[in-house]
Amino acid sequence: MNIKKKMSNKSIRGVIWHDIARGFYADRFRYLIVVLMLAGVLIILGNHEFGMMDTIFFIQGGYDPVLIIKEGKIVFPFVWMLIQFLVPFMIYSYCNDDCEGVGIDFLMKCRSRRLWWNSKCLWNCLTVLSVYAIQYATAFVYGLCNGNLSMKINYELFEKISNKSVPDNAANVWIIVYMLVMPVVVSLVTALVQMTISMFTNPMIGMLAVMAWNVMSVFINNPLMIGNNSMVVRSSVYNAQRIQVWQSVAVCLVVYIVVYVAGMIGFNKKDILVRED
C-alpha cells in the first residue's frame, strides 16, 4: 500500500512538472519579446557609464514620490512602468486557456482542484522568477559590455540624468538587497492577483487591473498601492522618512495569502466544464 502511494505521489509530481513545462513552452515567444524589450530600453539609453547594478537600479529602482517636484516637473517613471508590464504580459492567459482541453485532462489525472490550483500558482511563481532572471542577466551583459560589473550604484549619476534623490547612506548594503528582492516579491503578489482576477473574468481585465494598481502607485505614496513596495527609492532603507520595510513586507504577505485562499475557494466552486458562447 505504501509503495503504491509513493508511486502515485511520484506520478502526480511528474504530471505537475509536465503542466509547468507546458506553461513555459506556451510562453516561449513571449520570453523572446521580453528580451527584445529589455535590450531595446538599454540600447535607447545608450549610457556607457552604467555598471551592472546601475542598470538594475535604472530599470527597477523606481522614482521619488511625486510630491517631490524638482524644477517644477513631475517625472513619470516610464521605464519602471515598462518593467512592471513584463510580468503581466507573461502571465496573461495561460491559466484561463488551461481551463479547457489539456488543462481539463490534467485536472482529471490529478483528481484534485486544490492540486490544479497549486500547480498554476507554482507556474506563476516560476514565471515571475524567470522574468527577473532575464532582467538580471541583461543587466550583467550590459555591465559587461561597458566594462563595469561593480556591485555599487553611482547615485550621483542618477541625480544628474533622472533627478533621483541621493540616499541617506550611499554605503548601505540593504539598498542593494531591497532592490534585488522586493521587486520580485511584489511581482509574485501582483502576478497571483492577476491570475485570480483573470480566472473569474478574463485575461485582459486581470492585466489591466494590476497595471492600474501600479499606475496609482506612482501618484499615491502608500504601501497599499503595491508598486511603491517595489521601489527602493521610496523605501526607508533609502530614505528614513519613506515607507517602512516592515509595512511593505506585511502588505505583500497579507495580500498574497488572502488572494491565494480566495482563488482556491473560487476555483473549487467554478464550473470549468461549462463554456460560455
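This is a predicted model, so every value here is computed, not measured.
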Evaluate the criterion side-chain contact (heavy atoms from CB on, under 4.5 Å) for residue pair L180 and Y132; output intermediate values, then yes/no. CA-CA 9 Å; L180 295 177; Y132 278 91; over 6 Å; no

Would you say V258 and L188 are hydrophobically clustered, going by side-chain heavy atoms of ILVMFWY under 4.5 Å? no

Does some side-chain heavy atom of Y238 sit less than 4.5 Å from a side-chain heavy atom of N172? no

Could you tell me whether the side chain of D27 and the main chain of R30 form a donor-acceptor pair under 3.5 Å? no

Residue pair K152 / M53: nearest heavy atoms and the distance that separates them: O-CB, 3.6 Å

Any idea which heavy atoms bring G206 and T201 closest together, and the distance? N-OG1, 4.5 Å

Nearest heavy-atom neighbours spanning S119 and I20: O-CG1, 4.2 Å

Is the Y155 ring parallel, tilted or perpendicular to the F57 ring (thresholds 30°, 60°)? perpendicular

Using the six-membered ring wherever Trp is involved, compare the ring planes of W117 and Y260 and label them parallel, tilted or perpendicular (cut-offs 30° and 60°). tilted

Does a donor on one side chain and an acceptor on the other come within less than 3.5 Å for W123 and T127? yes

Please report the shortest heavy-atom distance between V79 and I59, naming the atom on each side. CG1-CA, 4.0 Å

Apply side-chain contact (heavy atoms from CB on, under 4.5 Å) to the pair T138 and V35, showing each step before the final yes or no. CA-CA 8 Å; T138 302; V35 172; 5.6 Å; no

Above 12 or not: heavy atoms from other molecules or residues under 6.0 Å from CD of E156? yes

Working note: I56 + M179, criterion side-chain contact (heavy atoms from CB on, under 4.5 Å); need CA distance, chi angles, decisive distance, verdict. CA-CA 8 Å; I56 296 174; M179 181 182 70; 3.8 Å; yes

Which value, rounded to the nearest 0.5 Å, describes the distance between L86 atom CG and I134 atom CD1? 9.0 Å

Sequence neighbours left out, what passes ring pair (Phe, Tyr, Trp, His ring centres under 6.0 Å) with Y136? Give chain and number order. none

I want to check something: taking the side chain as every heavy atom from C-beta on, are I226 and C252 in contact at a cut-off of under 4.5 Å? yes

Should V218 and W80 count as side-chain neighbours, where that means a heavy-atom distance under 4.5 Å? yes

Please evaluate residues R242 and S165 with respect to the criterion side-chain contact (heavy atoms from CB on, under 4.5 Å), reporting the C-alpha separation (whole Å), side-chain torsions for both, the decisive distance (0.1 Å), and the verdict. CA-CA 12 Å; R242 297 180 183 176; S165 61; 3.6 Å; yes

Could you grab the distance from atom OG of S235 to atom CD of Q247, nearest 0.5 Å is fine? 11.5 Å

Does some side-chain heavy atom of Y63 sit less than 4.5 Å from a side-chain heavy atom of F158? no

Closest approach of V128 and V184, non-hydrogen atoms and distance? CG1-O, 4.0 Å

Report the distance from atom CH2 of W213 to atom CG of L208, rounding to the nearest 0.5 Å. 15.0 Å

Please check if M151 and V177 belong to a single hydrophobic cluster, counting links between Ile, Leu, Val, Met, Phe, Trp and Tyr side chain heavy atoms closer than 4.5 Å. yes

Can you tell me how far apart CE (M52) and CD1 (I153) are? Round to the nearest 0.5 Å. 10.5 Å

Linking I/L/V/M/F/W/Y whenever their side-chain heavy atoms sit closer than 4.5 Å, directly or via other members, would M195 and L126 fall into one cluster? yes

Report the distance from atom CE of M81 to atom CG of N214, rounding to the nearest 0.5 Å. 5.5 Å

Given side chains that start at C-beta, do those of N118 and M264 come closer than 4.5 Å, heavy atoms only? yes

Between Y178 and N229, does any side-chain donor sit less than 3.5 Å from a side-chain acceptor? no

Student check: side-chain heavy atoms of N148 and D54 closer than 4.5 Å: yes

Any M37 side-chain heavy atom under 4.5 Å of L82 side chain: yes

Closest heavy-atom pair and its distance - N228, N221: OD1-OD1, 3.5 Å

Could you tell me if R28 sits above the aromatic ring of Y31, with its cationic atom closer than 6.0 Å to the ring centre and no more than 45 degrees from the axis? no

Are F200 and V261 linked, directly or through other ILVMFWY residues, by side chains that come within less than 4.5 angstrom of each other? yes

Within the 4.5 Å heavy-atom criterion, are P167 and I175 side-chain neighbours or not? yes

Any link between Y92 and I33 through a network of hydrophobic side chains (Ile, Leu, Val, Met, Phe, Trp, Tyr) touching at under 4.5 Å? yes

Nearest 0.5 Å please: distance from the CD atom of Q135 over to the CG atom of L38. 5.5 Å

